[in-house]
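This report concerns only the one structure given below.
Numbers here simply count residues along the sequence, with the first being 1.
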Amino acid sequence: MPQSSKTHPEYLSTRAGRTRRIFQVGFNKCGTRSISAFLDNNGIPTVHFKRGNLARALANNLKYGYAPLNGIDRWVGYTDMQMVSGSRVIEGCRYFRQLAAYYPNSYFILNTRDKDRWIASRRNHGNGFYAERYRKGMNFESVDQVIDHWSEEWDRHHQEVPEFFKDQPDKLLIYNIETDSPDQMSEFLAPDFETDPTFFGHEGKTSGGNDADDAVSPN
């Protein structure tokens, strides 16, 4: 396993290091666990989901005027920043603008896949429990409304993220987990992080072909 000085956590003690992170800014059910494992296996300290607490901390920090990573700033990589409870939904990937403003030297990975398969994966997750919890968290009347919302959010997010980074193409990687090569991720991170693309696997994939990312907060 490579242990480059570029990825050693001590670099967080410098100002440049504190503003150089790796954020996965696609939705869950798009290989977030695979991306997290890839970073971790390459010696890059990474935090994933934390049962919704990662998204909760991010949202609360921004609400009260703190830096987005206040209290959760000891990692380099951040994946699956989502929380779904019966009373609240946080899609942390939607905070890409604020993250870019506070951490301008960072790398952003828009993980994506076929939209219809993504919706089906979310819809079927936990035998429908995830979609029902999402419905309650958003105060929708039906799961059909949830699916419509997911579709609209997908389209909006996939338009806004590339548009936001159009003048900084070296800061954004659009990575299709179904078709793209891990070499592309290693090349994207290469200016500051040494990674081995062979460490990229498919974590949490179910027998039905859905990426079983973590998804639901216990609260």
Does the gap between the ring centers of [X] and [Y] come in under 6.0 Å?
X: His157; Y: Phe96; value: yes
X: Tyr175; Y: Phe188; value: no
X: Phe108; Y: Phe23; value: yes

Query raised in the report: Should Asp73 and Arg18 be marked as a side chain to side chain contact (heavy atoms under 4.5 Å, CB included) after you check the CA-CA gap, both sets of side-chain angles, and the distance that decides it?
Result: CA-CA 8 Å; Asp73 59 354; Arg18 289 194 297 271; over 6 Å; no
Validation: residues 62-71 side-chain donor-acceptor distances under 3.5 Å, sequence neighbours left out:
none

Requested in this report: Assess Arg21 against Trp75: is NZ or CZ under 6.0 Å from the centre of the six-membered ring, and within 45 degrees of the ring's axis?
Outcome: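 Geometry flag: not set, cation outside 6.0 Å or 45°.
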For the atom pair [atom1] ([X]) and [atom2] ([Y]), what is the distance rounded to the nearest 0.5 Å?
X: Ile90; Y: Gln82; atom1: CD1; atom2: CD; result: 9.5 Å
X: Ile174; Y: Gln184; atom1: CD1; atom2: CD; result: 11.0 Å
X: Cys30; Y: Trp118; atom1: SG; atom2: CH2; result: 7.0 Å
X: Arg88; Y: Asn139; atom1: CZ; atom2: CG; result: 15.0 Å
X: Tyr134; Y: Trp150; atom1: OH; atom2: CH2; result: 7.0 Å
X: Asn176; Y: Asn111; atom1: CG; atom2: CG; result: 10.0 Å

Requested in this report: Give a yes or no on this: more than 12 heavy atoms of other residues, nucleotides or ligands lie within 6.0 Å of atom NZ of Lys171.
Outcome: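 Check passes, neighbour count above 12.
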Report task. Take atom CG of Asp170 as the centre, draw a 6.0 Å sphere, and report whether it contains more than 12 heavy atoms from other residues, nucleotides or ligands. Result -> yes
Requested in this report: Would you mind listing every side chain to side chain donor-acceptor pair (under 3.5 Å) that reaches into residues 95-106, with sequence neighbours excluded?
Outcome: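 Found Thr19-Asn105, Arg97-Glu160.
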Which heavy atom of [X] sits nearest to which heavy atom of [Y], and what is that distance?
X: Pro104; Y: Ala101; result: CD-O, 3.9 Å
X: Gly26; Y: Cys93; result: O-CB, 3.7 Å
X: Pro45; Y: Gly43; result: CD-O, 3.4 Å
X: Leu99; Y: Leu58; result: CD2-CD1, 4.0 Å
X: Met81; Y: Leu54; result: CG-CD2, 3.7 Å
X: Phe199; Y: Asn42; result: CD1-OD1, 3.4 Å

Query raised in the report: For Met185 and Thr195, what are the C-alpha separation, side-chain angles and deciding distance, and is it a side chain to side chain contact (heavy atoms under 4.5 Å, CB included)?
Result: CA-CA 9 Å; Met185 194 170 297; Thr195 60; over 6 Å; no
Requested in this report: Give a yes or no on whether a salt bridge exists between Arg122 and Glu91, defined as a side-chain N under 4.0 angstrom from a carboxylate O.
Outcome: yes
Any side-chain heavy atom of [X] sitting closer than 4.5 Å to one from [Y]?
X: Phe193; Y: Ser186; answer: no
X: Leu110; Y: His158; answer: yes
X: Val25; Y: Ile109; answer: no

Requested in this report: Could you check Thr46 against Ser36 for side chain to side chain donor-acceptor pair (under 3.5 Å), going step by step and ending with a plain yes or no?
Outcome: CA-CA 6 Å; Thr46 299; Ser36 177; 5.4 Å; no
Requested in this report: Evaluate side chain to side chain donor-acceptor pair (under 3.5 Å) for Ser151 paired with Lys115, printing each intermediate quantity in order.
Outcome: CA-CA 8 Å; Ser151 180; Lys115 176 182 171 180; 2.7 Å; yes
Exam field: side chain [X] to backbone [Y], donor-acceptor pair closer than 3.5 Å:
X: Asp114; Y: Arg117; value: yes
X: His149; Y: Gln145; value: no
X: Arg113; Y: Lys29; value: yes

Requested in this report: List the steps and the verdict of salt bridge (Lys or Arg N to Asp or Glu O under 4.0 Å) for Arg20 and Asp192.
Outcome: CA-CA 9 Å; Arg20 184 182 296 114; Asp192 291 292; 3.3 Å; yes
Query raised in the report: Would Thr198 and Asp196 satisfy side chain to side chain donor-acceptor pair (under 3.5 Å), going step by step from the backbone distance to the final call?
Result: CA-CA 5 Å; Thr198 65; Asp196 183 343; 2.7 Å; yes
Query - Test side chain to side chain contact (heavy atoms under 4.5 Å, CB included) applied to Leu39 and Leu189, step by step - result: CA-CA 10 Å; Leu39 297 177; Leu189 298 173; 4.0 Å; yes
Report task. Could you go through the side chain to side chain contact (heavy atoms under 4.5 Å, CB included) check for Leu172 and Val161 one step at a time? Result -> CA-CA 9 Å; Leu172 176 68; Val161 174; 3.8 Å; yes
